[in-house]
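Numbering of residues begins at 1 and proceeds along the displayed sequence. Here the structure is a predicted model, which means the values were calculated and not measured. First listed ligand is number 1; within each ligand, the first listed atom is number 1.
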Amino acid sequence: MDQENPNPPSEQPSKRSTRCCFCLYRVLWIILVTIIILVSLIILVIYIIITPRSFKFHVNQAKLTQFNFTNNNTTLNYNLVLNFTAQNPNKKLKIYYDVVEANAFYKGYNFSATDMNKPLRTLQETKSVDYRMSAVFIGQHVMMLDRDEVDEFQEDYKNGIFGIDIKIYFSIRFRLGNFIFGDTKVQAKCDLKVPLSSNNSGKMVDPFDPTKCVVDF
Ligand SMILES: *[C@@H]1O[C@H](CO)[C@@H](O)[C@H](O)[C@H]1NC(C)=O
Ligand SMILES: *[C@@H]1O[C@H](CO)[C@@H](O)[C@H](O)[C@H]1NC(C)=O
Ligand SMILES: *[C@@H]1O[C@H](CO)[C@@H](O)[C@H](O)[C@H]1NC(C)=O
Ligand SMILES: *[C@@H]1O[C@H](CO)[C@@H](O)[C@H](O)[C@H]1NC(C)=O
Ligand SMILES: *[C@@H]1O[C@H](CO)[C@@H](O)[C@H](O)[C@H]1NC(C)=O
Ligand SMILES: *[C@@H]1O[C@H](CO)[C@@H](O)[C@H](O)[C@H]1NC(C)=O
């Protein structure tokens with residue numbers, strides 16, 4: 001044992017250092033892979049928690065007090081007030097509704113455009129109570145209905161109920177803590193059946209049914 005020793009020492013240090021180099025690389029490699037896996041997992045979890053989910057949008061109330069044609073069936077006179085609610089389903093993200101514009105359509109004709117009325121504080125808390133907005137469409141619009149469409153209008157008028165579609169254009173942003181991000185354009189479409197409340201025909205008309213809008217996120 002003692003006699004064999006004197007020879008190897010000249011070789012052993014270099015062997016040991018290469019071995020150590022290898023094991024150092026191994027340890028570094030394992031640490032690196034572990035860090036990468038941990039970081040990806042953390043990012044995945046944060047992503048799942050944070051991923052913006054679209055808000056939900058409803059028309060709760062509609063009041064149509066005027067909807068008829070004058071000037072040889074070329075001019076639509078309208079007075080429509082809508083109340084909307086938005087719900088934010090996100091657990092961590094608040095929503096800013098920066099711009100909200102609405103267009104109204106009858107038989108495919110875009111007859112009115114308006115900015116939505118919304119609270120001055122445009123931030124919707126997470127999972128909070130409903131956020132309310134309203135839209136007022138009042139005025140006249142010249143539109144050339146063809147003969148069939150005029151007949152359809154007369155039919156609607158007799159029934160006291162009109163199919164009016166609302167398209168809403170949002171610019172929103174998300175907020176996480178103090179971090180604001182994700183300037184996003186969102187569209188919603190609400191296909192409404194709105195009863196005329198001034199009830200000219202003297203006919204009993206069903207009240208307005210609250211309607212869910214399709215939000216295209
Ligand atoms: C919409 O809501 C406001 C209050 O938030 C209310 O004063 C108004 O009457 C509502 N409009 C309709 C058409 O229900
Ligand atoms: C249109 O509607 C308004 C309010 O409902 C009414 O005063 C007016 O007489 C109507 N006009 C026509 C041509 O039906
Ligand atoms: C009403 O419109 C029809 C065709 O749309 C036209 O022939 C007629 O002259 C118009 N009447 C008036 C009073 O303008
Ligand atoms: C408008 O159309 C209806 C249905 O076609 C018709 O009865 C009515 O006379 C028209 N009014 C005018 C002013 O042309
Ligand atoms: C509808 O008309 C308004 C102007 O009255 C316009 O600003 C808006 O872009 C139109 N919307 C569509 C979908 O054509
Ligand atoms: C429409 O008029 C009838 C009779 O005048 C009345 O009984 C009914 O409540 C009215 N409906 C609406 C929605 O105003």
Side-chain angles (χ1 to χ4, degrees), residues 52-89 95-124 130-157 159-174 182-198 200 208-217:
R53 266 174 275 268
S54 169
F55 55 88
K56 298 192 167 52
F57 210 65
H58 287 85
V59 180
N60 312 34
Q61 291 175 315
K63 196 163 161 56
L64 183 65
T65 49
Q66 187 179 20
F67 205 79
N68 58 24
F69 281 90
T70 50
N71 292 338
N72 201 7
N73 288 326
T74 59
T75 306
L76 173 66
N77 312 283
Y78 55 89
N79 184 335
L80 172 64
V81 180
L82 300 176
N83 276 2
F84 300 86
T85 55
Q87 282 140 359
N88 176 6
I95 299 177
Y96 283 105
Y97 298 95
D98 292 326
V99 180
V100 187
E101 290 165 351
N103 290 173
F105 297 80
Y106 178 68
K107 304 214 172 294
Y109 295 90
N110 172 7
F111 66 86
S112 186
T114 186
D115 287 339
M116 212 87 123
N117 304 313
K118 52 193 172 61
L120 283 177
R121 262 186 85 236
T122 58
L123 180 67
Q124 181 171 35
D130 292 349
Y131 182 87
R132 296 182 185 284
M133 303 182 196
S134 67
V136 179
F137 302 94
I138 293 180
Q140 294 191 322
H141 186 73
V142 174
M143 52 200 252
M144 298 297 166
L145 297 184
D146 64 28
R147 187 170 287 278
D148 288 347
E149 288 167 336
V150 169
D151 291 346
E152 284 164 24
F153 167 79
Q154 296 297 335
E155 188 69 19
D156 287 353
Y157 200 77
N159 296 329
I161 191 155
F162 298 92
I164 297 174
D165 296 341
I166 308 295
K167 281 189 186 151
I168 304 158
Y169 304 91
F170 300 88
S171 286
I172 64 169
R173 283 173 303 162
F174 294 100
D183 205 336
T184 311
K185 299 258 186 284
V186 179
Q187 271 190 41
K189 189 163 184 290
C190 322
D191 294 349
L192 308 179
K193 294 265 178 282
V194 190
L196 188 67
S197 36
S198 61
N200 298 17
F208 176 73
D209 257 343
T211 306
K212 189 173 195 287
C213 304
V214 178
V215 180
D216 180 9
F217 187 59

> Compute whether any side-chain donor of one residue and acceptor of the other, for Gln66 and Asn79, lie under 3.5 angstrom apart.
no

> Could you tell me which atoms of ligand 5, counted from 1 in the order shown, lie closer than 4.0 angstrom to a heavy atom of Asn103?
1 (C), 8 (C), 10 (C), 11 (N), 12 (C), 13 (C)

> Under 4.0 Å from a heavy atom of Phe105: give me the atoms of ligand 5 that qualify, with their elements.
13 (C)

> Once you measure the plane-to-plane angle for Phe162 and Phe67, does it fall in the parallel (<30°), tilted (30-60°) or perpendicular (>60°) bin?
tilted

> Could you list the atoms of ligand 5 found under 4.0 angstrom from a heavy atom of Tyr169?
13 (C)

> Which heavy atom of the protein is the closest neighbour of atom 2 (O) of ligand 5, given with residue, atom name and distance?
Asn110 ND2, 2.4 Å

> Any salt bridge between Asp216 and Lys189, counting N to O under 4.0 Å?
no

> Just wondering, more than 12 heavy atoms not from Lys193 lying within 6.0 Å of its NZ?
no

> Name the closest protein heavy atom to atom 4 (C) of ligand 5, giving the residue it belongs to and the distance to 0.1 Å.
Ala113 CB, 4.2 Å

> Hey, can you tell me if Phe153 and Tyr157 have their rings parallel, tilted or perpendicular (30° and 60° cut-offs)?
tilted

